[in-house]
2 protein chains.
Amino acid sequence: MANAQTTKLKILDAAEELFADHGFSETSTRQITKKAEVNLASVNYHFGSKNELIQAVIERYLEVLVPNIDVELTGLKNDNPNPTLEEVFSVFIRPILSLNQQRKNGTSILLQLLGRSYTDSQRHMRRFFLGNYGDVVAKFVALVYKAQPGLSPSEIFWRLHFTLGTVVFTMASSDALMDIARADFDEQIAIEGVVKRLIPFIAAGVSAP
Amino acid sequence: MANAQTTKLKILDAAEELFADHGFSETSTRQITKKAEVNLASVNYHFGSKNELIQAVIERYLEVLVPNIDVELTGLKNDNPNPTLEEVFSVFIRPILSLNQQRKNGTSILLQLLGRSYTDSQRHMRRFFLGNYGDVVAKFVALVYKAQPGLSPSEIFWRLHFTLGTVVFTMASSDALMDIARADFDEQIAIEGVVKRLIPFIAAGVSAP
DNA sequence: ATCAGTTTTAAACAGGTGTTTAAAATCTAC
DNA sequence: GTAGATTTTAAACACCTGTTTAAAACTGAT
């Protein structure tokens, strides 16, 4: 089996950083293999194609993230049968922030990747997401509905997509925004600070009259 | 001067559609000139480079949109010295929707373009925007502050960027979202309907406690 | 009708793209 | 230690990219 593992990992690590920084089509397999210090052909040998590499990069994150969110979701459901909207949205905080322990800048890398893949192919991403993690999504939506029973299903659909837009868009560019905040307001803010400002915003939005 | 005007226009029209649908780097000059039915070299002859064409496509929209927003803004200020947040955000509705009269699907094309250019180069767009339309932005922020005087400048900064994310992200993918809403909820919704659902959401978000 | 200025055209340029090939190197198990 | 499978490698493939060139076509004014 040689050390295929480490070659595959080197490719994934190099690719995710380049994809997050410059986008998918702006990153070439030659850039990836050069940064990973592996042979050009190994992308196709190990992943088949560049597209399958893109998918592998994203799945590596979702594979650990979504189960973690699921744990928080059922934990919340058990501890508190009637959680508030803020509590429901907070189930994302710990799993998303803990990506930073798994990999340096893991949080912002994933969210940048999501932002890019989302704008690139909304429909495709949605199908993939619902296909693979539909039960977690359903669990989450059910909790939102319980916290805000006045909302019709279609209103929940719209408001959660608004929310998704806010989060993905903000987090995808959180590095730049934090830089600006530092420059314009002398504000020393980290990614956790952004999240803590985000939660009240979206909770208020979703529970708007 | 020949009929340079119409060649330039044909290129702009073809390019904006391709850019909105597939992204900037995913669209080649050959695709553009083929769709526009003009010679390949005319992109470089009339615009200098592909990058300058991208800028020209976006500027053609902003040139008419931002002054219109400015008019609404000063109109609101005169009619109502103390407008609510919902009223302030509503100044965007008419100008943005009226892009549809100017060009078919104008609204969603511009917003898709903004979404793409925003994720591609956050800092660059911000500088361009503030450089060219900084006074309108300042006028708008001042009205937000007046409607919500409890917010600190840095809180306004963050919440308006959350809002920008929500709007651009939602509108950039509004076609796909409307399709899903039609399929899942039998909901016959148009772009105006999306906007009317969006305004309360962001107004509530910005005025969150 | 001529001529300068502008625009259009086909062709070529130099370089980058993802992917495939077949040989060489490496690893694993007997 | 050798055989067989797996992995790595350098080279080539076929194609696409944005841009430039220089000649041709067209334009409006004299």
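So that the names make sense, note that chain A is the first sequence line, chain B the second, and so on, each numbered from 1. These numbers were taken from a predicted model, which means no experiment stands behind them.
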Just by distance, no angles: are the side chains of B/Ser25 and A/Glu26 close enough, under 3.5 Å, to form a donor-acceptor pair? yes
Test salt bridge (Lys or Arg N to Asp or Glu O under 4.0 Å) on B/Glu37 and B/Lys10; report intermediate values, then the result. CA-CA 8 Å; B/Glu37 295 178 304; B/Lys10 280 198 269 183; 5.8 Å; no
Base-contact (B) and sugar-phosphate-only (S) positions in nucleotides 13-23 of chain D, heavy-atom cut-off under 4.0 Å, - elsewhere: ----BBBBB--
Do B/Ser98 and B/Gln101 have side-chain atoms, one donor and one acceptor, less than 3.5 Å apart? no
Please state whether the phosphate of D/dT8, meaning OP1 or OP2, lies under 4.0 angstrom from any side-chain nitrogen or oxygen of A/His46. yes
Whole angstroms only, please: what is the CG-P distance between A/Asn39 and D/dT9? 5 Å
In whole angstrom, what separates A/Lys34's NZ from C/dT17's C1'? 16 Å
Considering just the side-chain nitrogens and oxygens of A/Ser42, establish if one lies under 4.0 Å of OP1 or OP2 belonging to D/dT9. no
Which residues share a ring pair (Phe, Tyr, Trp, His ring centres under 6.0 Å) with A/Phe47, sequence neighbours left out: none
For A/Lys10 and D/dT7, what is the distance between atoms NZ and P respectively, to the nearest whole Å? 14 Å
Can you name the one residue among A/Asp21, A/Ile54, A/Leu53, A/Ile32 that meets side chain to side chain contact (heavy atoms under 4.5 Å, CB included) with A/Thr27? A/Ile32
Checking A/Lys104, A/Lys35, A/Arg60 against A/Asp13 for salt bridge (charged side-chain N to carboxylate O under 4.0 Å, His left out), the one that qualifies is A/Arg60
